[in-house]
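The structure appears below as structure tokens.
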Amino acid sequence: MTASDGAGSRLSRFIEYASGRRIVADAALSVFGLGWLVLTGLGLLTVIVRFPGLGGTAANCVVLVVSLAACGFACSRALAPLYRGFGIEPRRKEVRLGPFSWSQTAHGPDAAPARSALAGPALWLLVMAVVVRLFMWTTHRGHHGALDAFMAELRTRGVPASLADFAEDPPDARYGESAFASALANLDPKRTFNSKKHPGEELKAWTPQTAEAEAPFVREFEPVVVKEFLPLAGRYSHYKKVDFRAASRNPLAMPIPKLAELIKLGSVFKLCAESHAFRKDYAKAWPYVKAELDVADMVASERSLISKMVTLALRRQAVSGVVVMLLGDPGLTIPKDLAKRLEALLGQYLARDGLRCELAFQLDFRDWIEGVSRPAQSVTGLDERFEYVLERLASAMGVVDLNVLEGARIATGGATAASWAQAREDSGAAEKLVALPAWPFFSLTLAVPRYSELHRKDWDFKTWLKLALAGSALAEYRKAHGRYPAELSVLSPAYAARGLLMDDFSDRPFAYSPRAGGLGFKLCSAGAKGDGLDAHGDTMCVAPGR
């Protein structure tokens, strides 16, 4: 008989089978088997959700693999009747394995008479359970070992690999949260700052119209600032006390200080300073700039990424106030002590330091998910139990380690950058995550981090700071020589270090041009994108005397 004859015979038998009554009974058996498959899976989840501490991960994995094997066995039994539609009758076949022998269902013309049908499925379940468990164990240990090796490498490079590495214990008297919270209760800038940008917050010289518009605000809030906040400035080295050892065991419980009100307070400092500078009363203007820097230094001691970003916001407000003062008075120079303090800020990398804390948080979160620091008895509620089960299963398969490892590698680029070029290159690697497959990188592909944007805010601030210091140096040069220099390089080294005249975004000196008649100058940065703008859309130029 040829192959075509066999195909035709099978087709005719299938037509005969489909038109007969047996197809209805076989379909019912298939539906029953598939139902068994679904119920087995739901039963597995129910058992683990109801008893998440049932012997820990090992017992849960045993339940998992046995249930998966049972599901597969049920599926094969459910679909077996459909073979009859193609004229293939199920038969019993004897199988031998050394001293063991058993009989199982086979589909085909050659099959031996059946013996006991119990040994075969039992051994099949055992083999499947062992194979699945071995696969889960090897993948988990492989990714787990790679992540542990990566953490050891981080520590050799001086990068913290756990929140516990940030542990410190200064005296309680060094924390200013309670004092500032009490003082902020007497200052309510919400009604003034909750709608639109103030004229005085713009990066341009004040006009009489600006001063008139801001005068009611300054009269209302300056007495409170002088009484409540200026005495607090510089008194505290830290803001909120955090137990980092406890946070390493449960990262989600790490307290995050409420810092939004401090940014509003910084806006009040800035407007008060600019108001006095407009009246040429610099003896009262400069203390507000110093006070805002004091508050920023206090927040900078906090470790979280949020705290570092708030610090950048406060420092940018302070430097923006200085720039506005320089724009309003071409002959103004920054006091020597303040200029030295500002220049020291150029050596700090707030975005990088905040990302180090974020990296340590991710690594501790891995341990928390795996139950190393979270006992099963602490999981309450059906939703928490279900989430706990999914986390443990993902951990057992190594998926958690794989996601954390890839995320940590990306974050490390941002946590070690020491220049804008390096930050842009290393942090830009985060965009590569979009090319990763959804499985198993599901947690990373849900929210792709963009660390380069955080670094841009850091370098935006440093660029504004350099522009302010260089503008002050130009004013000093004019006082000494009666005119602005023809070239910016003339300022170094007598009036400004060469590094203060360099634009980090272009890796070249700032664009500089004196105005005709020596009445002013224009000093500009290229900006992070080469368009001369910062992240807020402000033109990065200092151009007094216009």
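Owing to the predicted nature of the structure, the values given are computational and were not obtained by experimental measurement. Below, each value reflects all heavy atoms present in this structure, side chains not excepted, and no hydrogens, waters or symmetry copies.
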Test your reading of the model: is there a side-chain donor-acceptor pair from K522 to the backbone of R515, 3.5 Å cut-off?
no
Using 0.5 Å steps for rounding, measure from the OG atom of S162 to the CZ atom of F361.
11.5 Å
So do L271 and W206 actually touch side chain to side chain, heavy atoms under 4.5 Å?
yes
Do T333 side-chain atoms and A475 backbone N/O form a donor-acceptor pair below 3.5 Å?
no
Between D169 and R174 (salt bridge meaning N to carboxylate O under 4.0 Å), is one present in this structure?
no
Hey, do the aromatic rings of W368 and F365 have their centres closer than 6.0 Å?
yes
Between OG1 of T210 and CZ of F278, what distance do you get to the nearest 0.5 Å?
8.0 Å
Test log, rule side-chain contact (heavy atoms from CB on, under 4.5 Å), inputs V322 and I334
CA-CA 8 Å; V322 174; I334 302 173; 3.7 Å; yes
Taking NZ in K258 as the centre, count heavy atoms belonging to other residues, nucleotides or ligands within less than 6.0 Å. Is the count above 12?
no
More than 12 heavy atoms of other residues, nucleotides or ligands under 6.0 Å from CG of D507: yes or no?
no
For the residue pair K462 and F505, would you count it as a cation-pi contact if the rule is NZ or CZ under 6.0 angstrom from the ring centre and within 45 degrees of the ring axis?
no
Can you label the angle between the Y477 ring and the Y495 ring as parallel, tilted or perpendicular, going by 30° and 60°?
perpendicular
In terms of side-chain geometry, is the basic nitrogen of R249 or D367 positioned less than 4.0 Å from the acidic oxygen of its partner?
no
Are there over 12 heavy-atom neighbours, none belonging to R155, within less than 6.0 Å of that residue's CZ?
yes
Student check: side-chain heavy atoms of T539 and L533 closer than 4.5 Å:
yes
Quick one: does R219's side chain get under 4.5 Å of P216's, heavy atoms only?
yes
What verdict does the side-chain contact (heavy atoms from CB on, under 4.5 Å) test give for L363 and L154, after you've listed the backbone C-alpha separation in whole Å, the side-chain angles of each residue and the deciding distance to 0.1 Å?
CA-CA 11 Å; L363 297 174; L154 287 179; 4.0 Å; yes
Between CG on residue L474 and CG on residue L491, distance to nearest 0.5 Å:
5.0 Å
CD1 of I263: more than 12 outside heavy atoms within 6.0 angstrom?
yes
To the nearest 0.5 Å, what is the distance between NZ on K290 and CG on L230?
12.0 Å
Pair S525, D503: side-chain N/O donor-acceptor within cut-off below 3.5 Å
yes
Looking at A161, is its backbone amide N or carbonyl O close enough to the side chain of D165 to form a donor-acceptor pair, meaning the two atoms are under 3.5 Å apart?
yes
State, yes or no, whether a side-chain contact exists between L355 and H455 at a heavy-atom distance under 4.5 Å.
yes
Over all atoms of both residues, closest heavy-atom pair of K270 and S320
CE-CB, 3.6 Å
State, with a plain yes or no, whether a side-chain heavy atom of Y236 is found less than 4.5 Å away from one of H238.
no
So, do L259 and L314 sit near enough that their side-chain heavy atoms are less than 4.5 Å apart?
no
Shortest non-hydrogen contact between G471 and L523, atoms and distance
N-CD2, 4.1 Å
Might you work through the side-chain contact (heavy atoms from CB on, under 4.5 Å) test for L332 and S472, ending with a clear yes or no?
CA-CA 7 Å; L332 180 65; S472 178; over 6 Å; no
Are more than 12 heavy atoms from other residues, nucleotides or ligands located less than 6.0 Å from atom NZ of K227?
no
Assess whether atom CD of E487 is packed by more than 12 heavy atoms of other residues, nucleotides or ligands within 6.0 Å.
no
Is it the case that S307 and R303 place a side-chain donor and acceptor less than 3.5 Å from each other?
no
Looking at every non-hydrogen atom in both residues, tell me the closest pair between Y349 and A417 and how far apart they are.
CD2-O, 4.4 Å
Using 0.5 Å steps for rounding, measure from the CG atom of D460 to the NZ atom of K457.
9.5 Å
Give, for atom CG of L469 and atom CG of L326, the distance between the pair rounded to the nearest 0.5 Å.
9.0 Å
Show the nearest heavy-atom pair for residues G499 and K466, with the distance to one decimal.
O-NZ, 3.1 Å
How are the rings of F229 and F269 set to each other: parallel, tilted or perpendicular (split at 30° and 60°)?
perpendicular
Side-chain touch Q422/R352, heavy atoms, less than 4.5 angstrom:
no
Please answer whether the main-chain N or O of A351 pairs with a side-chain N or O of D458 as donor and acceptor at a distance below 3.5 Å.
yes
Taking the side chain as C-beta and beyond, is there a heavy-atom pair between L265 and F180 under 4.5 Å?
yes
Give a yes or no answer on whether the side chain of K284 reaches the backbone of S275 with a donor-acceptor pair at less than 3.5 Å.
no
Looking only at non-hydrogen atoms, find the nearest pair between L488 and Y512 and report the distance.
N-CD2, 3.7 Å
Using only heavy-atom distances, determine whether the side chains of S304 and E302 contain a donor-acceptor pair under 3.5 Å.
no
Starting from the C-alpha separation in whole Å, work towards a yes-or-no answer on side-chain contact (heavy atoms from CB on, under 4.5 Å) for W286 and M325.
CA-CA 10 Å; W286 293 121; M325 293 160 66; 3.6 Å; yes
Taking the side chain from S182 and the backbone from A179, do they hold a donor-acceptor pair closer than 3.5 Å?
no
Non-hydrogen atoms of G158 and R356 that approach each other most closely
O-NH1, 3.6 Å
Test applied, salt bridge (charged side-chain N to carboxylate O under 4.0 Å, His left out); reference residue, D294; option that passes from R235, R341, R315
R341
R245 backbone acceptor or donor facing S248 side chain under 3.5 Å
yes
Could you check whether any side-chain N or O of D364 sits under 3.5 Å from a backbone N or O of L163, counting only pairs where one atom can act as donor and the other as acceptor?
yes
Salt-bridge present (K264, E261; N to O < 4.0 Å):
yes
Kindly assign one of parallel, tilted or perpendicular to the pair F166 and F244, based on the angle between their ring planes and the thresholds 30° and 60°.
tilted
